[in-house]
K.L.:
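Can you read through this structure? Questions will come right after.
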Amino acid sequence: MNSDFAAIILAAGKGKRMNSKTVNKVALPLGNKPMILHTCDILEKLGIKPIIIVVGFAKDSVMHLFRGTNVVFAEQKKRLGTAHAVSCALKKLPKEVLNVLVLHGDDSALYKADTIRQLIEKHLSINAAFTLLTIEMENPKGLARVIRGKKGKILAIVEEKDATEDIRKIKEINPACYVFKVEFLNKYLPKIQKSPVTGEYYLTSLIDVGIKNGEKIETLQAGSFAWRGVNTKEELSEAEKLFLNIK
């Protein structure tokens with residue numbers, strides 16, 4: 001990968017439903033090692049560096065996994081959402097980095113390197129400001145749906161709690177894997193509004209902001225594949241089965 005490309009892994013969240021008091025969920029084992037190490041293996045395979053990991057809750061449980069490596073850490077001292085986490089990481093980016101891959105440390109172990117490569121290649125080839133991965137799920141319950149216009153253009157990402165019955169029937173979801181131009185992030189992250197419900201700043205808000213400002217926002221539709229967000233011990237167990245089947 002070119003020197004103008006980097007990756008940010010979000011790994012600061014508390015993961016309340018996991019009930020882990022001293023270990024961040026990204027440091028929990030999946031297959032034969034902590035799940036975040038699988039993510040870094042994928043990035044290494046693609047030649048992406050630097051890798052910046054945003055830490056917060058139980059940060060030592062994550063940081064000790066990378067002793068002796070070139071991984072860079074950014075601390076999110078107040079956990080104010082995914083957009084705020086990316087803002088923390090941007091301060092650590094080398095000036096020559098023009099594009100950045102952003103993914104979550106608790107689900108990205110299940111991606112295939114080829115899928116990430118295709119996402120990056122599409123973003124760069126069409127000179128998009130922001131390109132996001134979308135996948136199809138037979139049972140998308142609890143996940144954010146992708147809304148498209150008549151010509152297939154992305155219009156919005158709608159969280160299930162905010163969705164109408166028709167929107168809940170949509171099977172295309174946002175697994176939260178993105179490629180951004182750094183210039184786009186610097187311009188629009190400060191314009192994101194805080195959620196009145198949670199008080200957090202969400203990265204998905206950049207879709208609305210980007211569309212309103214006429215920015216080029218694209219998607220890579222990756223179809224259906226084994227993917228599982230990990231927020232509970234039960235979901236970790238499901239992810240383990242998926243991981244062992246695809247590796």
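Here, residue 1 is the first one in the sequence, and each next residue gets the next number. Quick caveat: nothing in here was measured; it's all calculated off a predicted structure.
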K.L.:
Is any side-chain heavy atom of Phe180 less than 4.5 Å from a side-chain heavy atom of Val102?
P.N.:
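In contact.
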K.L.:
Could you list the residues that satisfy ring pair (Phe, Tyr, Trp, His ring centres under 6.0 Å) with Tyr188, not counting sequence neighbours?
P.N.:
Phe184
K.L.:
Drop me the distance from Thr204's OG1 to Ile207's CD1, to the nearest 0.5 angstrom.
P.N.:
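Interatomic distance, Thr204 OG1 to Ile207 CD1, rounded to 0.5 Å: 6.0 Å.
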K.L.:
Which residues pass the side-chain hydrogen bond (donor to acceptor under 3.5 Å, both in side chains) test with Glu160, sequence neighbours left out?
P.N.:
Arg145
K.L.:
To the nearest 0.5 angstrom, please state how far the OG1 atom of Thr115 sits from the CG atom of Leu220.
P.N.:
7.5 Å
K.L.:
Donor-acceptor check, side chain of His84 to backbone of Arg79, threshold 3.5 angstrom: yes or no?
P.N.:
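The answer is no, because no donor-acceptor pair under 3.5 Å joins these two groups.
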K.L.:
Please name all residues satisfying side-chain contact (heavy atoms from CB on, under 4.5 Å) with Thr131, sequence neighbours left out, ordered by chain then number.
P.N.:
Leu119, His123, Ala128, Glu218
K.L.:
Taking all non-hydrogen atoms of both residues into account, name the closest pair between Pro175 and Asp107 and its distance.
P.N.:
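Answer, listing the atom of Pro175 first, then Asp107: O-OD2, 3.5 Å.
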K.L.:
Do Ile173 and Ile167 sit in one hydrophobic cluster, given that two such residues count as connected whenever their side-chain heavy atoms are within less than 4.5 Å of each other, even indirectly?
P.N.:
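In one cluster with Ile173: Ile167, no.
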K.L.:
Mind checking what makes salt bridge (charged side-chain N to carboxylate O under 4.0 Å, His left out) contact with Glu240, not counting sequence neighbours?
P.N.:
none
K.L.:
Arg117: which residues meet the salt bridge (charged side-chain N to carboxylate O under 4.0 Å, His left out) condition with it, sequence neighbours left out?
P.N.:
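Salt bridge (charged side-chain N to carboxylate O under 4.0 Å, His left out) check on Arg117 returns Asp114.
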K.L.:
Heavy-atom count around Asn32 CG within 6.0 Å, excluding the residue itself: above 12?
P.N.:
yes
K.L.:
Which atom pair, heavy atoms only, marks the closest approach of Val23 to Ala58?
P.N.:
C-CB, 3.8 Å
K.L.:
Can you name the closest pair of heavy atoms from Ser108 and Ile42 and give their distance?
P.N.:
O-CD1, 3.5 Å
K.L.:
Would you say Tyr201 and Tyr178 are hydrophobically clustered, going by side-chain heavy atoms of ILVMFWY under 4.5 Å?
P.N.:
yes
K.L.:
Is Val100 close to Phe5 at the side-chain level, that is, under 4.5 Å between some pair of heavy atoms?
P.N.:
no
K.L.:
Keeping to residues at least two apart or across chains, list the salt bridge (charged side-chain N to carboxylate O under 4.0 Å, His left out) pairs with something in residues 197-213.
P.N.:
none
K.L.:
Could you give me the CA-CA distance, side-chain angles and deciding distance for Asn139 and Lys171, then say whether side-chain hydrogen bond (donor to acceptor under 3.5 Å, both in side chains) is met?
P.N.:
CA-CA 7 Å; Asn139 178 15; Lys171 297 186 184 298; over 6 Å; no
K.L.:
What do the steps show when you test Cys40 against Thr69 for side-chain contact (heavy atoms from CB on, under 4.5 Å), and what is the final call?
P.N.:
CA-CA 11 Å; Cys40 290; Thr69 73; over 6 Å; no
K.L.:
Cys88 and Ala74: which non-hydrogen atoms are nearest, and at how many Å?
P.N.:
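Looking at all heavy atoms of both residues, the closest pair is O-CB, 3.7 Å.
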K.L.:
Could you give the distance from NZ (Lys181) to CD (Glu183), rounded to the nearest 0.5 Å?
P.N.:
6.5 Å
K.L.:
As a quick check of understanding, evaluate side-chain contact (heavy atoms from CB on, under 4.5 Å) for Lys49 and Asn70, giving each step before the final call.
P.N.:
CA-CA 9 Å; Lys49 58 184 179 179; Asn70 293 320; over 6 Å; no
K.L.:
List the residues meeting salt bridge (charged side-chain N to carboxylate O under 4.0 Å, His left out) with Lys169, not counting sequence neighbours, and say none if there are none.
P.N.:
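Asp166.
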K.L.:
From the options Val71, Ile9, Val26, select the one residue that forms a side-chain contact (heavy atoms from CB on, under 4.5 Å) with Val62.
P.N.:
Val26
K.L.:
Does Asn213 use its side chain to pair, donor to acceptor, with the backbone of Val209 at less than 3.5 Å?
P.N.:
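Checking the backbone N and O of Val209 against the side chain of Asn213, a donor-acceptor pair under 3.5 Å is found.
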K.L.:
Can a donor-acceptor pair be found, under 3.5 Å and without considering hydrogens, that links the side chain of Ser61 to the backbone of Asn24?
P.N.:
yes
K.L.:
If you define the side chain from C-beta out and look only at heavy atoms, does anything of Thr39 sit under 4.5 Å from Tyr111?
P.N.:
no
K.L.:
Find out whether Leu10 and Leu103 are in side-chain contact, i.e. whether some heavy atom of one side chain is under 4.5 Å from a heavy atom of the other.
P.N.:
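No, their side chains stay 4.5 Å or more apart.
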K.L.:
Once side-chain hydrogen bond (donor to acceptor under 3.5 Å, both in side chains) is applied, do any residues pair with Thr82, and if so which ones, sequence neighbours excluded?
P.N.:
none
K.L.:
Apply side-chain contact (heavy atoms from CB on, under 4.5 Å) to the pair Phe73 and Met63, showing each step before the final yes or no.
P.N.:
CA-CA 8 Å; Phe73 294 99; Met63 294 172 76; 3.7 Å; yes
K.L.:
Report yes if the side chains of Glu44 and Ile51 come closer than 4.5 Å at any heavy-atom pair, otherwise no.
P.N.:
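In short, these two side chains do not touch, never coming nearer than 4.5 Å.
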K.L.:
Output, in order, the C-alpha distance, side-chain angles, deciding distance and verdict of side-chain contact (heavy atoms from CB on, under 4.5 Å) for Leu132 and Ile217.
P.N.:
CA-CA 8 Å; Leu132 60 146; Ile217 297 177; 4.1 Å; yes
K.L.:
Taking all atoms of both residues into account, what is the closest heavy-atom pair of Asn174 and Cys177, and its distance?
P.N.:
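Smallest interatomic distance, heavy atoms only, reads OD1-N, 4.5 Å.
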K.L.:
Any chance you could measure Met137, atom CE, to Ser224, atom OG, to the nearest 0.5 Å?
P.N.:
7.5 Å
K.L.:
Any side-chain donor-acceptor pair under 3.5 Å between Thr134 and Glu172?
P.N.:
yes
K.L.:
Of the options Asp4, Leu98, Asn99, Val179, which is the one that meets Leu124 in a side-chain contact (heavy atoms from CB on, under 4.5 Å)?
P.N.:
Asn99
K.L.:
Has Lys122 got more than 12 heavy atoms of other residues, nucleotides or ligands less than 6.0 Å from its NZ?
P.N.:
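Enclosed: over 12 neighbouring heavy atoms sit under 6.0 Å from NZ of Lys122.
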K.L.:
Do the side chains of Leu143 and Ile170 join up, straight or via other hydrophobic residues, at under 4.5 Å, putting them in one cluster?
P.N.:
no
K.L.:
Taking the side chain as everything from C-beta on, heavy atoms only, tell me whether Pro29 gets closer than 4.5 Å to Lys33.
P.N.:
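A side-chain contact is absent here, since even the closest heavy-atom pair is not under 4.5 Å.
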K.L.:
Restricting to salt bridge (charged side-chain N to carboxylate O under 4.0 Å, His left out), what partner residues turn up for Lys92, sequence neighbours left out?
P.N.:
none
K.L.:
With a 4.5 Å heavy-atom cut-off, do Ile8 and Leu101 have their side chains touching?
P.N.:
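Sidechains of Leu101 and Ile8: no contact.
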K.L.:
Holding to side-chain contact (heavy atoms from CB on, under 4.5 Å), I want the full list of residues that pass it with Leu189, two or more places apart in sequence or in another chain.
P.N.:
Ala83, Val86, Ser87, Leu90, Leu185, Ile192, Leu203, Leu206
K.L.:
Mind checking side-chain hydrogen bond (donor to acceptor under 3.5 Å, both in side chains) for Glu75 and listing every partner two or more places apart, or none if nothing turns up?
P.N.:
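Counting only residues at least two positions away or on another chain, Glu75 forms a side-chain hydrogen bond (donor to acceptor under 3.5 Å, both in side chains) with Lys59.
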K.L.:
Does some side-chain heavy atom of Ile147 sit less than 4.5 Å from a side-chain heavy atom of Ile154?
P.N.:
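Answer no - side chains too far apart.
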K.L.:
Shortest non-hydrogen contact from Ala6 to Ile48?
P.N.:
C-CG2, 3.8 Å
K.L.:
Is it possible for you to say whether Tyr202 and Leu80 belong to one hydrophobic cluster, with membership spreading through side-chain heavy-atom contacts below 4.5 Å?
P.N.:
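In one cluster: no.
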K.L.:
Applying side-chain contact (heavy atoms from CB on, under 4.5 Å), can you list everything that pairs with Lys45, at least two apart in sequence or on another chain?
P.N.:
Ala113
